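Quick caveat, the model's predicted, so the values are computed rather than measured.
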Amino acid sequence: MDTKWVQEAAKLEKSGIDFVMVSVFAIKGSTPREIGARMLVTQHAIYGTVGGGHLEWKAIAKAREKLSEKDSQTSTEDYPLGATLGQCCGGFVTLLFESVLQSPLTIAIFGAGHVGRAIVHCLENIPCHLIWVDSRQDEFPTQVSDKVTTKISDYPVDEVADMPANTFYLVLTHNHQLDLELTEAVIKRNDAAFIGVIGSQTKSARFRHKLANKGFTQAQIDQMHCPMGEHNLRSKQPGEIAISVLSQLLKIRASQHTKASAAMPVK
């Protein structure tokens with residue numbers, strides 16, 4: 001049996017791409033594929049086959065309908081090959097549809113210095129989309145993962161407006177004033193999943209004071225996590241800072257998912 005679909009599924013999961021796994025669940029009579037044959041379907045690509053022809057066309061359409069509707073329910077569908085689909089096999093196939101829907105994790109990293117590079121390195125094996133912004137082209141590595149979008153911007157604050165809702169923001173540029181302006185811009189959007197700012201307790205106090213003087217409410221100011229990272233994992237080493245920050249980020253994301261699930265109505 002072909003098991004290459006396992007490797008392809010792992011790639012899709014790593015890239016954060018939603019897909020439906022279509023499997024031959026049961027057969028009767030003459031059929032083009034055996035039980036256990038699988039096909040992976042995304043909105044824009046297909047891997048593997050469950051038999052080709054009209055059967056496969058219908059299966060792909062069904063899978064993409066589930067993706068469009070964000071339908072996470074496992075389901076089966078019966079397909080008579082002869083009378084209904086006009087395939088010469090004449091048998092009967094039951095297909096199993098299993099959705100793998102992945103919550104998109106978008107992280108905007110402002111700053112391509114040592115800590116920024118360490119964070120990007122740590123995220124290589126986590127399904128997410130990274131938007132990496134800096135004004136200094138030479139600070140970016142010569143090669144980055146396909147999941148990373150690098151943006152060279154003379155004024156990185158301008159990039160905040162183009163970020164998707166529910167983005168996790170990590171602010172760690174080489175300039176404290178720029179960090180403050182980025183923080184202000186993100187807070188004003190009022191749709192950030194997380195706002196982390198690198199720095200000390202002194203920097204945090206200074207930023208909080210300046211934000212309050214600019215008219216931000218206490219609730220808005222409290223969205224800022226500065227110093228960012230786990231409180232019991234303080235370090236000056238870029239790699240250790242990266243681990244601390246991502247631990248905090250993933251905990252907050254998990255908490256948000258739990259709250260969202262609890263708020264969903266029971267069908």
Side-chain angles (χ1 to χ4, degrees), residues 10-17 44-45 102-189 191-200 203-204 207 223-230 233-253:
K11 291 179 184 177
L12 292 172
E13 287 189 304
K14 184 176 180 180
S15 300
I17 298 173
H44 305 290
Q102 308 182 76
S103 299
L105 171 59
T106 300
I107 304 174
I109 301 175
F110 290 87
H114 295 299
V115 176
R117 291 195 294 270
I119 290 173
V120 171
H121 177 71
C122 286
L123 287 167
E124 285 184 354
N125 294 312
I126 296 177
C128 62
H129 176 216
L130 302 179
I131 304 172
W132 199 4
V133 185
D134 202 301
S135 60
R136 305 163 298 170
Q137 182 173 0
D138 292 343
E139 290 296 316
F140 289 106
T142 54
Q143 291 185 332
V144 296
S145 165
D146 291 340
K147 69 172 65 175
V148 180
T149 300
T150 58
K151 292 190 174 184
I152 302 163
S153 175
D154 290 335
Y155 186 52
V157 178
D158 290 340
E159 305 300 324
V160 172
D162 295 328
M163 299 298 170
N166 299 313
T167 291
F168 288 75
Y169 293 86
L170 303 180
V171 178
L172 35 92
T173 77
H174 59 293
N175 185 299
H176 282 208
Q177 179 60 31
L178 179 57
D179 285 352
L180 178 61
E181 292 176 20
L182 284 164
T183 304
E184 290 179 30
V186 174
I187 291 175
K188 286 178 181 178
R189 281 192 53 136
D191 64 357
F194 175 82
I195 308 171
V197 181
I198 198 168
S200 62
K203 179 178 178 179
S204 177
F207 274 28
Q223 294 177 46
M224 178 187 70
H225 296 264
C226 180
M228 62 179 175
E230 297 281 7
L233 292 177
R234 296 302 182 197
S235 172
K236 293 185 179 180
Q237 296 298 319
E240 294 178 4
I241 294 172
I243 292 170
S244 175
V245 169
L246 294 179
S247 174
Q248 180 189 31
L249 184 153
L250 293 173
K251 283 181 179 179
I252 289 175
R253 181 172 182 251

Is there a donor-acceptor pair under 3.5 Å between the side chain of Trp132 and the backbone N or O of Gly111?
yes
Exam field: side chain Ser204 to backbone Cys226, donor-acceptor pair closer than 3.5 Å:
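Checked: pair present.
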Are any of the side-chain heavy atoms of [X] and [Y] separated by less than 4.5 Å?
| X | Y | result |
| --- | --- | --- |
| His174 | Arg136 | yes |
| Glu184 | Phe207 | no |
| Ile198 | Lys203 | yes |
| Val245 | Val115 | no |
| Phe110 | Asp179 | no |

Spatial distance of atom [atom1] ([X]) from atom [atom2] ([Y]) [nearest 0.5 Å]:
| X | Y | atom1 | atom2 | value |
| --- | --- | --- | --- | --- |
| Ile109 | Thr149 | CD1 | OG1 | 11.5 Å |
| Asn175 | Leu182 | CG | CG | 9.5 Å |
| Phe140 | Thr150 | CZ | OG1 | 5.5 Å |
| Ile195 | Ile187 | CD1 | CD1 | 5.0 Å |
| Leu170 | Ile131 | CG | CD1 | 11.5 Å |
| Ile107 | Arg253 | CD1 | CZ | 8.5 Å |

Taking all atoms of both residues into account, what is the closest heavy-atom pair of [X] and [Y], and its distance?
| X | Y | value |
| --- | --- | --- |
| Leu130 | Leu123 | CD2-CD1, 3.3 Å |
| Met163 | Val133 | CE-CG2, 4.2 Å |
| Gln223 | His225 | O-CD2, 3.3 Å |
| Pro164 | Tyr169 | O-OH, 4.4 Å |
| Pro238 | Ala118 | O-CB, 3.6 Å |
| Ser200 | Pro227 | C-CG, 3.8 Å |

Quick one: do Ile241 and Met228 satisfy side-chain contact (heavy atoms from CB on, under 4.5 Å)? Show the steps, please.
CA-CA 9 Å; Ile241 294 172; Met228 62 179 175; 5.8 Å; no
Taking everything shown except His129 itself, do over 12 heavy atoms lie less than 6.0 Å from its NE2?
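Yes, NE2 of His129 has more than 12 neighbouring heavy atoms, counting only those of other groups under 6.0 Å.
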When you look at NE2 of His176, are more than 12 heavy atoms from neighbouring residues, nucleotides or ligands closer to it than 6.0 Å?
no
Short N-O contact, Glu124 and Lys147, less than 4.0 angstrom
no
Take Asn166 and Thr106 through the side-chain contact (heavy atoms from CB on, under 4.5 Å) test and state the conclusion after the steps.
CA-CA 8 Å; Asn166 299 313; Thr106 300; over 6 Å; no
